[in-house]
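Remarks on the structure that follows.
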Amino acid sequence: MEYWKSVVSNLHAPRVPVVPYVPEHRQLPPRVLTYPTAWQGIESILEDIIQRFKIGRRNCLEFGVEYGYSTVALSCFFETVIGVDTFSGDKHTDNKSDIFDQTSARLRCYENIRLVRSDYRDWIARDDNFYDLIHVDIVHTYMDTFACGLWSAKHAKCVLFHDTMSFPAVKRAVTDIARQTGMQFYNFEESYGLGILVPDSHTTHFGQ
Ligand SMILES: C[S@@+](CC[C@H](N)C(=O)[O-])C[C@H]1O[C@@H](n2cnc3c(N)ncnc32)[C@H](O)[C@@H]1O
């Protein structure tokens, strides 16, 4: 419903440019989990994204951990990673059971990862920190991606959104956040799509 409202209300709004993201380098980070996941491929372009947009390496926040593939990949690049998830799945995930203990046990050896069992709505109501990077990969509805993503855009230099190619609602939400914040929307089309929002000044700075 919110998706269609956005489609209709933005019919005459200026188009938000979506710039294809073409990595210059790909390299598998030193720590990766080895089960098949839709995120596979993105771990190899994280260093490229960090370098291209001159992102700091201090702190990273992730909404949507599940079994931990993206969390472990991100932990190779930041001093600390906080992973927030209800750990009970959602209408788009195969898993619908409580996997907090299982995921905590799997990630226990990564000392710079802290897992928090929380709904993103409760987390954003009480967190005022600013992060080098936030990754949004929760339930892929327009409303949740928009709400979580807009907060993230105000609390990080760079925000990543998974599934921009497989879920039109996610791409639409990222487009609307870019329109509202004036951030630049890059889109990596592989691995089901990764939206990248960065401040617009980078467009000229990086000659894109
Ligand atoms: C697609 S999975 C994340 C996959 C993970 N990023 C990866 O690639 O390894 C989505 C996760 O979002 C979580 N989730 C869905 N809605 C949420 C909400 N409102 N707050 C917090 N987590 C949520 C689900 O429990 C699920 O584990």
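Keep in mind it's a predicted model, so treat the numbers as computed, not measured. Remember, it's 1-based here, ligands and their atoms both numbered in the order they're listed.
- Against a heavy-atom cut-off of under 4.0 Å, G64 is close to the following atoms of ligand 1: 3 (C), 5 (C), 6 (N), 11 (C), 12 (O).
- Checking L33, L160, T71, D85 against atom 11 (C) of ligand 1, the nearest heavy atom belongs to D85.
- A donor-acceptor pair shorter than 3.5 Å can be found between the side chains of E62 and S70.
- Salt-bridge check for R31 with E43: failed, with every basic side-chain N at 4.0 Å or more from each acidic carboxylate O.
- In terms of heavy atoms, E24 sits closest to D48 at N-OD1, 3.1 Å.
- Distances below 4.0 Å separate heavy atoms of S70 from the following atoms of ligand 1: 5 (C), 6 (N), 7 (C), 8 (O), 9 (O).
- With atom 19 (N) of ligand 1 as the reference point, the heavy atom nearest to it among W39, Y69, Y120 is part of Y120.
- Closest to atom 22 (N) of ligand 1, if we only count protein heavy atoms, is T86 N, 3.3 Å.
- For atom 15 (C) of ligand 1, the closest heavy atom belonging to the protein is D90 OD2, 3.1 Å.
- Interface of E66 with ligand 1, defined as ligand atoms under 4.0 Å from a residue heavy atom, comprises 2 (S), 3 (C), 4 (C), 27 (O).
- For the pair I50 and R57, the minimum side-chain heavy-atom distance is below 4.5 Å.
- Using a 4.0 Å cutoff on heavy atoms, D144 does not count as a contact of ligand 1.
- When each atom of ligand 1 is checked for a heavy atom of V65 under 4.0 Å away, the hits are 5 (C), 9 (O).
- Every heavy atom of C148 sits 4.0 Å or more from the atoms of ligand 1.
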